[in-house]
Amino acid sequence: MHRREFLAALVATSVTPQHAAQAQPTRRTYRIAVVEPTSAQLNTTNLAALRRGLEELGYAEGRNLVLDYRSADGNAALYPSLVAEVIGRSPDLIIARGTPAALAVKRATRTIPTVMIVGEPLLVVDSLARPGGNITGFSGVQPELETKRMELLKEIAPSTTGLAALLNMGNPVSAPQLEELQKGAQSRGWRFRLFDVRKREDIEQAFAALDKSSDAIIVGLEALTQAHRGLIADLAAKSRLPAIYGGREFMEAGGLIFYGPSFPDVYRRVATYVDKILKGAKPADLPVEQPTKFEMMINLKAARAIGLEVPLFLQQLADEVID
């Protein structure tokens, strides 16, 4: 793997929001509903980025903003009731994280403006350039990154010849991820094994079923895996298998390596769309945007615990190294 390949993937083009000094103050208090797959406690970093972005644009809780947070706690079946609950509180705007959450909003309302953060936006809107309707937002999960994660696994664990994937196939975002993983494994001559995890017990059973055919693990980023990130990181360590993740929150739980979009950056950019919509822009006219900043994090402590030596060049390329 060449240094320039990773550098190219990790180049970020930042979108700088206006500062609070440039924002026009308002006497009105806006209510923004936030529908998420995990609790606010587990979503602290992203929420902090959202709040900073909103504050830079002149919105602050306790002054002119109320954030009404709801979590599905990893259970996608709860989204319809959560969405109905927040709609009943007459929000000015909804922020929905995850394709199932955005689809629940789409089924429930065609009038309340919504900013989504999803893996497969075309499952929610008709066009990225002109979404139409009341929903726009950002794509957060990119299936094409799965091949880069496989390259990273090979660099950090060169003996890898078999890959196990933990994906919730009940989430529509997982199908394109699975396709990319299967193609990537085939092109490398790797064995590939899918574990369809839809509840906590499925995660535990997947790790219990692992055998010598799998040398490494790749974990899909979605509500269930986010909610049980601590369990997954712990079981991966006990299995002494390298695992790579698509969200930095897994690193906070003790994961080995993360590569993917910077979700704090995405949440900061969400604030710019919130501001535009509250000032009169229509979601139908705001294009769905892609991630522009990518991150890599490596946990050296987790690597040592399973007997891995992380190459120095990977440490130098990482945005953050945990030791």
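For the numbers below, each heavy atom of this structure counts, side chains included, while hydrogens, waters and symmetry mates do not.
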Note, [X] side chain near [Y] side chain (heavy atom, < 4.5 Å):
| X | Y | result |
| --- | --- | --- |
| R269 | T292 | yes |
| D211 | R193 | yes |
| M169 | L194 | yes |
| Y69 | N43 | yes |
| L103 | V124 | yes |

(request) Supply the members, apart from L42, of the Ile/Leu/Val/Met/Phe/Trp/Tyr cluster built from side-chain contacts under 4.5 Å; use none for a lone residue. (result)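 In the cluster with L42 there is nothing else; it is isolated.
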(message) Which Ile, Leu, Val, Met, Phe, Trp or Tyr residues join M251 in one cluster when any pair of side-chain heavy atoms under 4.5 Å counts as a link?
(response)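 Listed partners: F258, M297, I322.
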(message) Once side chain to side chain donor-acceptor pair (under 3.5 Å) is applied, what residue pairs with a partner in residues 126-137 remain, sequence neighbours excluded?
(response)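 Qualifying pairs, neighbours excluded: R130-D285.
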(request) Please list all pairs passing the side chain to side chain donor-acceptor pair (under 3.5 Å) test where one or both residues lie in residues 297-315, with sequence neighbours left out. (result)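 The answer is R304-D323.
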Under 3.5 Å, which donor-acceptor pairs link side chains of residues 157-167 to any protein atom two or more places apart or in another chain?
{"unit_1": "T160", "atom_1": "OG1", "unit_2": "A157", "atom_2": "O", "d": "2.7"}
{"unit_1": "T161", "atom_1": "OG1", "unit_2": "R191", "atom_2": "NH2", "d": "3.1"}
{"unit_1": "T161", "atom_1": "OG1", "unit_2": "D215", "atom_2": "OD2", "d": "2.9"}

(request) Using the rule that two of Ile, Leu, Val, Met, Phe, Trp, Tyr join whenever any of their side-chain heavy atoms come within less than 4.5 Å, decide whether V34 and V118 are in one cluster. (result)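 Each belongs to a different hydrophobic cluster.
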(message) L221 vs F263, test: side-chain contact (heavy atoms from CB on, under 4.5 Å). Steps then yes/no.
(response) CA-CA 12 Å; L221 176 64; F263 280 96; 3.4 Å; yes
Under the rule for side chain to side chain contact (heavy atoms under 4.5 Å, CB included), what residues qualify as partners of [X], not counting sequence neighbours?
| X | result |
| --- | --- |
| E179 | K183 |
| A243 | I217, A236, Y245 |
| A237 | none |

(request) Would you indicate whether E144, at its atom CD, is surrounded by more than 12 heavy atoms from other residues, nucleotides or ligands within a distance under 6.0 Å? (result)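 Buried by this count: over 12 neighbours within 6.0 Å.
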(message) Using side-chain contact (heavy atoms from CB on, under 4.5 Å), reason through L67 and R51 one step at a time and then give a plain yes or no.
(response) CA-CA 9 Å; L67 290 181; R51 287 188 170 102; 3.9 Å; yes
(request) Report the residues that fulfil salt bridge (Lys or Arg N to Asp or Glu O under 4.0 Å) with E85, sequence neighbours left out, ordered by chain and then residue number. (result)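 Once residues adjacent in sequence are excluded, the partners of E85 under the salt bridge (Lys or Arg N to Asp or Glu O under 4.0 Å) criterion are R70.
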For residues 91-102, which side-chain donor-acceptor pairs fall under 3.5 Å, sequence neighbours excluded?
{"unit_1": "D92", "atom_1": "OD1", "unit_2": "R28", "atom_2": "NH2", "d": "2.3"}
{"unit_1": "D92", "atom_1": "OD2", "unit_2": "R31", "atom_2": "N", "d": "2.8"}
{"unit_1": "R97", "atom_1": "NH1", "unit_2": "Y267", "atom_2": "OH", "d": "3.0"}

(message) Check this for me, if you would: do E151 and K154 make a salt bridge, where the nitrogen-to-carboxylate-oxygen distance has to be below 4.0 angstrom?
(response)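 So E151 does not pair with K154 through a salt bridge.
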(message) I'd like to know whether F207 forms a side-chain contact (heavy atoms from CB on, under 4.5 Å) with I232, so could you lay out the CA-CA distance, the side-chain angles of the two residues, the decisive distance to 0.1 Å, and finally the verdict.
(response) CA-CA 9 Å; F207 277 95; I232 293 172; 4.3 Å; yes
(message) Under the ring pair (Phe, Tyr, Trp, His ring centres under 6.0 Å) definition, can you give me all pairs with a residue in residues 152-195, not counting sequence neighbours?
(response)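 Applying ring pair (Phe, Tyr, Trp, His ring centres under 6.0 Å) to every pair that reaches into residues 152-195, excluding sequence neighbours, yields nothing.
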(message) Strictly by ring pair (Phe, Tyr, Trp, His ring centres under 6.0 Å), give each pair with a member in residues 114-145 just once, sequence neighbours left out.
(response)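 Only F138-Y273 qualify under ring pair (Phe, Tyr, Trp, His ring centres under 6.0 Å).
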